Amino acid sequence: EAIPFLQVSKNVRIDANNRPTIDIISCRLIDLGYSVYQFVIDGAGFGLCQHQYYNIYWGTKNEGNIEINEGFGLFKRKYRLVKHVLRDITDNSNLNWHNIDYSKKDLCHMVLPGENARSTPGIPQNHGYIRLDCDSMAPTIYNDFYKLSGKCPSIHPYYDRPLTIREGARLFGLTDDFIWDLKLKKWDIGDMIYNSFPPVISKLMANKIKRVIK
C-alpha cells in the first residue's frame, strides 16, 4: 500500500511518522507541487529468487491512488527458487567472474542445506557459515556473499564452497552478459551488486511509468 512519504508542516519537512527528513529530492518535488509516495517492494515478487527489499519513491501531480502491484503478470514466477538460477553454473563453467574457492571445503561440507554453524556440531560458533537451500527462496544476500559470511547465506547449495561473484549476480537479477573490470577487487564488486537495483524491476517500473504518462 502506498503511503504519503513527506508532508509539509510550518516549513519543516517531515515524513509520515512526523520525523524530520533530509530527503532533498522529495522536498524539492513537494515544493514544486507534487505528492510523494513511498513503496517498499520485495524483489521476490518481481522475478528474483531472493527476498531483497527496495524503497521506491513516486512523485505525482495526479489525483487518486498510485499502485505498484507485485509481479507484473508473467514475470512473477520466472525465478522462484535458488535452483532455478544456479543449477546450470557448474564448477567447470568459464563464465566471467566465476572463480571457485574450495579453501574451506571441509567446514562447508558439514553444513546441511538451509542450516548454519549454530546448528552444526564441530564448527566454531564464531563462524557464520550458512548454506543456501536449493528448493527454497534465498534470504537476503549481503555484499560479502562471495566469502563465508556470518551475515547471510554464502555456501553454495550443491558444492562445498562459497558463492562466486557470478552466482551472486544472478541472485540479484544481473544477467551473465553484465561484466566488471578485472582490475576491481571482489569487495568492490560485492558492494556494487548489493547496492544495485535489479534490471528486471527497472524495466517493469519503466513500463508502468510509460503507461501512466500515456
Side-chain angles (χ1 to χ4, degrees), residues 22-25 40-44 46-56 79 81-111 113-118 120 123-134 136-203 205:
I22 56 174
D23 189 325
I24 301 301
I25 295 177
V40 179
I41 64 173
D42 182 2
F46 293 80
L48 302 186
C49 71
Q50 68 160 331
H51 290 292
Q52 178 79 345
Y53 294 90
Y54 301 91
N55 287 310
I56 305 294
Y79 296 123
L81 304 178
V82 171
K83 64 183 178 183
H84 294 153
V85 176
L86 299 184
R87 62 186 171 192
D88 65 332
I89 309 182
T90 68
D91 278 9
N92 296 322
S93 173
N94 59 359
L95 282 175
N96 179 270
W97 283 101
H98 184 61
N99 302 316
I100 309 302
D101 177 11
Y102 272 114
S103 60
K104 296 184 178 180
K105 179 178 181 179
D106 292 341
L107 289 175
C108 291
H109 180 72
M110 291 189 286
V111 183
E115 298 295 332
N116 55 53
R118 295 185 181 277
T120 306
I123 297 182
Q125 293 303 296
N126 62 339
H127 289 74
Y129 306 153
I130 307 172
R131 185 186 290 273
L132 284 164
D133 184 351
C134 63
S136 300
M137 186 80 69
T140 298
I141 306 297
Y142 290 93
N143 58 345
D144 56 352
F145 62 82
Y146 57 87
K147 62 182 181 179
L148 297 175
S149 167
K151 295 187 298 183
C152 71
S154 56
I155 302 178
H156 193 281
Y158 307 129
Y159 303 115
D160 296 327
R161 59 167 177 77
L163 296 169
T164 67
I165 290 292
R166 180 54 59 195
E167 290 165 341
R170 280 195 178 186
L171 290 173
F172 277 87
L174 298 174
T175 57
D176 294 343
D177 58 358
F178 193 99
I179 61 174
W180 297 269
D181 189 336
L182 293 175
K183 296 179 181 179
L184 291 173
K185 303 296 184 181
K186 278 189 175 181
W187 57 78
D188 292 325
I189 298 178
D191 282 339
M192 289 181 188
I193 294 175
Y194 177 68
N195 291 312
S196 67
F197 193 80
V200 63
I201 303 181
S202 300
K203 180 179 179 180
M205 289 291 296

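Since the model is a prediction, treat every value here as computed from it, not as a measurement.
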task = Indicate the atoms forming the closest heavy-atom contact of Phe145 with Cys152, along with that distance.
result = CA-SG, 4.2 Å
Arg87 to Lys83 - nearest heavy-atom pair and separation =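 Where Arg87 meets Lys83 most closely, the heavy atoms are CG-O, 2.9 Å.
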Neighbour count >12 (heavy atoms, 6.0 Å) for atom OH, Tyr142 =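 Open.
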key: Leu95: partners by side chain to side chain contact (heavy atoms under 4.5 Å, CB included), with sequence neighbours left out   =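 Only Ile89, Ser93, His98, Arg166, Arg170, Asp176 meet the side chain to side chain contact (heavy atoms under 4.5 Å, CB included) criterion with Leu95.
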message = Going by the rule side chain to side chain contact (heavy atoms under 4.5 Å, CB included), which residues pair with His51 if we only count those two or more places apart in sequence or in a different chain?
response =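 Side chain to side chain contact (heavy atoms under 4.5 Å, CB included) check on His51 returns Asp42, Ala44, Tyr53, Met137.
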Check whether any side-chain heavy atom of [X] lies under 4.5 Å from a side-chain heavy atom of [Y], and answer yes or no.
X: Asp133; Y: Pro157; answer: no
X: Pro153; Y: Ile141; answer: yes
X: Leu171; Y: Cys49; answer: yes

request  = For Asp91, check salt bridge (charged side-chain N to carboxylate O under 4.0 Å, His left out) against everything at least two apart and list the hits.
outcome  = Arg161
message = Under a 3.5 Å threshold, yes or no: a donor from one side chain and an acceptor from the other, between Thr175 and Asp177?
response = yes
Show the atom names and distances, to 0.1 Å, of all donor-acceptor pairs under 3.5 Å that link a side chain in residues 182-198 to residues at least two apart or in another chain.
unit_1, atom_1, unit_2, atom_2, d
Asp191, OD1, Asn143, ND2, 2.6
Asn195, ND2, Asp191, O, 3.0
Ser196, OG, Ile193, O, 2.6

task = Could you check Ser103 against Asp101 for side-chain hydrogen bond (donor to acceptor under 3.5 Å, both in side chains), going step by step and ending with a plain yes or no?
result = CA-CA 6 Å; Ser103 60; Asp101 177 11; 2.8 Å; yes
ask   = How would you list, by chain and number, every residue that makes a ring-ring contact (aromatic ring centres under 6.0 Å, His included) with Tyr102, sequence neighbours excluded?
value = none
Out of curiosity, [X] [atom1] to [Y] [atom2], how far, rounded to the nearest 0.5 Å?
X: Leu86; Y: Leu163; atom1: CG; atom2: CG; value: 6.5 Å
X: Ser136; Y: Gln50; atom1: OG; atom2: CD; value: 13.5 Å
X: Cys134; Y: Leu81; atom1: SG; atom2: CG; value: 8.5 Å
X: Asn99; Y: Tyr146; atom1: CG; atom2: OH; value: 12.5 Å
X: Phe172; Y: Phe178; atom1: CZ; atom2: CZ; value: 12.5 Å
X: Lys147; Y: Lys104; atom1: NZ; atom2: NZ; value: 9.5 Å

query = Run the side chain to side chain contact (heavy atoms under 4.5 Å, CB included) check on Ile155 and Leu148 step by step: do they pass?
reply = CA-CA 7 Å; Ile155 302 178; Leu148 297 175; 3.7 Å; yes
ask   = Mind checking what makes side chain to side chain donor-acceptor pair (under 3.5 Å) contact with Asn94, not counting sequence neighbours?
value =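 Checked Asn94 against side chain to side chain donor-acceptor pair (under 3.5 Å); zero matches.
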